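Fair warning: this is a prediction, and the values are worked out from it, not measured in the lab.
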Protein chains: 2
Amino acid sequence: MGKVFVSMGISLDGYVAGPNRSLQNMGGDGWGSLHAWVFRQRVFRERLLLGEGGETGPDNRFLAAVFDRTGANIMGKRMFEEGERAWPETPPFRGQVFVLTHEVRAPWERKGGTTFHFVNDGLEAALQRAREAAGDEDVRISGGGATVLQYLNAGLVDELLLSLAPTFLGGGVRLFEGIDRDAVEVSITEVVGSPEVTHLRYAVRRKR
Amino acid sequence: MGKVFVSMGISLDGYVAGPNRSLQNMGGDGWGSLHAWVFRQRVFRERLLLGEGGETGPDNRFLAAVFDRTGANIMGKRMFEEGERAWPETPPFRGQVFVLTHEVRAPWERKGGTTFHFVNDGLEAALQRAREAAGDEDVRISGGGATVLQYLNAGLVDELLLSLAPTFLGGGVRLFEGIDRDAVEVSITEVVGSPEVTHLRYAVRRKR
């Protein structure tokens, strides 16, 4: 069975989404500065069909490893609603995506192998379906921040990857606001980076 | 002229001091978990006269470099008041320390070469006195969080060292709460670490 992991961009002041977030302003103000490095990587440009080229250094290797290990994705309703407008018709997931929502909706199949499934019965049910879809590969809790926090506090995450960008958002969604520190324990397993971003890898354990 | 730098321990959720801080509870709940690595380092044990031994790996080298470069320290009143009770009679500074305060008080000389000076005329005046005391060496803005933030927002800091501990404090003083992101810009210059802590080095620039 694969691992359950999180991989998110985070600002130096701890935000994963900026202020003034709306469907028209995906991720809020400053979200672009958090992910500027992503759009320059070769593997991301390939996935988003942005054309040739792109960086092939440590950040690209990091991102390629995240894509490679991911057998299925889970995301919150809000991330889906923002992405539904913003992603191209060939979304970057290239696999099964389970959306936590109260909305009852038939699976939505997109180009490039991505299908969105709408799950109405909670965190654990979504995880079980994602595990089945992933097989031996890993399940990524893709976001947003509130969904990741729920999975962390429920003790359902094995690994946390933070891509720490040297930027301040000054408001928005703080990833660890509300973390249950009696339940969640992390330890450093790897640090890699570039002049643009620092990738921090943590093993996550349930404390009790 | 030396640089002005900050070197602080910070939790994964962004705190430099924990909740329930008081003169009897220096740094608040969880502060110890933030700095546990420090107390194990050889150079710190030497400075605090804790006896022989201690680690001599990357964390020790990091800490030794911080001590070596520091020609003078600046700190806020609250950090001083906590430390006044907690530091041994040979405090770890071994040099001139400038305390920002409204209290008028004669310099307080301690063993081992540390003298605390009480500065009543603000950030820039304290910095000027510290620069003079430091000569060619660097000035460290020692803390606490509020004082560091003031110096950052005033554009008076050249370098920021964060020792990111894999721990959550869940409350207390957030270093970057109130950062003026229109004024402060950082870029990554180095990342070093160990299984215990990740040391992030940033150059700081004034944006405008």
Side-chain angles (χ1 to χ4, degrees), chain A residues 6 8 10-16 18-19 29-30 33-34 36-37 58-59 145 149 152-153 159-172 174-205 207, chain B residues 6 8 10-16 18-19 29-30 33-34 36-37 58-59 145 149 152-153 159-172 174-205 207:
Chain A
V6 169
M8 290 198 96
I10 188 168
S11 69
L12 209 42
D13 51 351
Y15 293 99
V16 292
D29 297 345
S33 72
L34 214 53
W37 69 274
D59 296 333
L149 187 69
L152 281 170
N153 282 345
E159 193 172 63
L160 176 62
L161 304 176
L162 297 177
S163 295
L164 182 63
T167 184
F168 301 106
L169 295 194
R174 280 196 170 103
L175 182 57
F176 296 119
E177 185 83 57
I179 187 86
D180 182 353
R181 61 200 182 95
D182 294 326
V184 184
E185 195 167 54
V186 303
S187 56
I188 300 168
T189 50
E190 194 190 25
V191 178
V192 291
S194 73
E196 312 298 323
V197 60
T198 308
H199 308 289
L200 308 157
R201 184 186 303 266
Y202 298 94
V204 185
R205 281 193 325 175
K207 254 190 184 169
Chain B
V6 169
M8 291 199 95
I10 188 167
S11 69
L12 210 41
D13 51 351
Y15 293 100
V16 292
D29 297 347
S33 71
L34 213 52
W37 69 273
D59 297 332
L149 187 69
L152 281 169
N153 282 345
E159 194 173 63
L160 176 63
L161 304 176
L162 298 176
S163 294
L164 182 63
T167 186
F168 300 106
L169 296 193
R174 281 196 171 104
L175 183 57
F176 297 119
E177 185 80 57
I179 188 86
D180 181 354
R181 62 201 182 95
D182 294 326
V184 184
E185 195 167 53
V186 303
S187 56
I188 301 168
T189 49
E190 193 190 24
V191 179
V192 292
S194 74
E196 312 298 325
V197 60
T198 308
H199 308 290
L200 308 157
R201 184 186 303 267
Y202 298 95
V204 186
R205 280 194 324 177
K207 253 189 183 171

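- Of the atoms belonging to A/Leu12, heavy atoms from both backbone and side chain fall under 4.5 Å from chain B.
- Contacts between A/Leu175 and chain B at a heavy-atom distance below 4.5 Å are absent for every atom of the residue.
- To the nearest 0.5 Å, the span separating CG on A/Leu200 from CG on B/Leu200 amounts to 6.5 Å.
- Using a 4.5 Å cut-off between heavy atoms, A/Val191 touches chain B through its side chain atoms alone.
- Counting heavy-atom pairs closer than 4.5 Å to chain B, the top-ranked of the candidates A/Gly193, A/Ala165, A/Pro195, A/Gly14 is A/Pro195.
- At a 4.5 Å heavy-atom cutoff, A/Val192 makes no contact with chain B through either its backbone or its side chain.
- Contact of A/Glu190 with chain B is not made at all, since no heavy-atom distance falls under 4.5 Å.
- To the nearest 0.5 Å, the span separating OH on B/Tyr202 from OG1 on A/Thr198 amounts to 4.5 Å.
- Within the 4.5 Å cutoff, the side chain of A/Val186 has heavy atoms near those of the B/Phe168 side chain.
- Interface remark: A/Thr189 contributes no atoms to any contact with chain B (heavy atom separation under 4.5 Å).
- Neither the backbone nor the side chain of B/Glu185 has a heavy atom closer than 4.5 Å to any heavy atom of chain A.
- Summarising the geometry, atom CZ belonging to B/Arg181 is positioned 9.5 Å from atom OG belonging to A/Ser11; distances are rounded to the nearest 0.5 Å.
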